[in-house]
Enquirer: 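Please find one structure pasted underneath; my questions will follow.
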Amino acid sequence: MPAKIIWTDEMLDHLVRQREAGVPARKIAEELGVGSTTLEQKIAELCLEGQPLRKRVKQEWPQEDVDRIIQMARDGMTAPEIAEELDRSAASVNSKLTKLRRAGVLPWVGQGTGRKHSRKEQPDGEMRALLRRFTAACEAIKEATGYGR
């Protein structure tokens, strides 16, 4: 069974704009990286019979909910946990958390910070010495085996 497509707001916006511009479904599917059948099913899902395609309405974030999401994130709750608590989708919560991090309201955490140039912790003296010995051992093995020539 093929992987389920997660439709982002950006994908849906693109779909709506292209359909309104009269771009054929096959071309839109190619632009979005989805199959033609998948796209046609999404169009059918978003349309009522005989009515034009409509963009979904985004639910606004009241300040009270923004304050709560900030506090829950600082308390270590995950996006799915926050989503359940606020009766929102996990995708919506993830999007809001990303915006809050980009705005500097929340710190970037974990391995995948979403930033191209995240700061990496510098190894201490003991670790640097270990890395030098490891590199020297690798070079000796390459020399002995002729690897890389």
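Quick note: numbers below take in every heavy atom, side chains included, and nothing from hydrogens, waters or symmetry partners.
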Enquirer: Listed by chain and number, what are the side chain to side chain contact (heavy atoms under 4.5 Å, CB included) partners of Q63, not counting sequence neighbours?
Expert: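 Here the qualifying residues are V66, D67.
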
Enquirer: Membership question, hydrophobic clusters at under 4.5 Å side-chain separation (ILVMFWY): are W108 and V105 in the same one?
Expert: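 Different clusters: V105 never reaches W108 through Ile, Leu, Val, Met, Phe, Trp or Tyr contacts under 4.5 Å.
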
Enquirer: Does the side chain of E139 come within less than 4.5 Å of E143's, by heavy atoms?
Expert: no

Enquirer: My understanding is that only residues two or more places apart in sequence, or in another chain, count here; which of them pass side chain to side chain contact (heavy atoms under 4.5 Å, CB included) with P62?
Expert: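 In terms of side chain to side chain contact (heavy atoms under 4.5 Å, CB included), with neighbours along the sequence ignored, P62 is linked to D65, R88.
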
Enquirer: Apply side chain to side chain contact (heavy atoms under 4.5 Å, CB included) to A129 and list each qualifying residue two or more places apart in sequence or on a separate chain.
Expert: R132, R133

Enquirer: For R17, which residues count as a side chain to side chain contact (heavy atoms under 4.5 Å, CB included) partner, sequence neighbours excluded?
Expert: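 R17 satisfies side chain to side chain contact (heavy atoms under 4.5 Å, CB included) with D13, H14 only.
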
Enquirer: Considering only residues two or more places apart or on different chains, which pairs with a residue in residues 68-77 satisfy side chain to side chain donor-acceptor pair (under 3.5 Å)?
Expert: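 Matches after skipping sequence neighbours: Q71-D75.
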
Enquirer: Which ILVMFWY residues are connected to I141, directly or by a chain of links, through side-chain heavy atoms under 4.5 Å apart?
Expert: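 Direct or chained contacts put I141 with none.
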
Enquirer: Please output the side-chain donor-acceptor pairs of residues 76-87 that fall under 3.5 Å, not counting sequence neighbours, one pair per line with the distance.
Expert:
unit_1	atom_1	unit_2	atom_2	d
T78	OG1	E81	N	3.3
T78	OG1	E81	OE1	3.3
E81	OE1	T78	N	2.8

Enquirer: Got a second to check how far I28's CD1 is from K42's NZ, nearest 0.5 Å?
Expert: 14.0 Å

Enquirer: So how far is it from L106 CG to I70 CD1, rounded to the nearest 0.5 Å?
Expert: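 It comes to 5.5 Å.
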
Enquirer: State the CD1-CG distance between I5 and L32, to the nearest 0.5 angstrom.
Expert: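 Between atom CD1 of I5 and atom CG of L32 there are 9.5 Å.
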
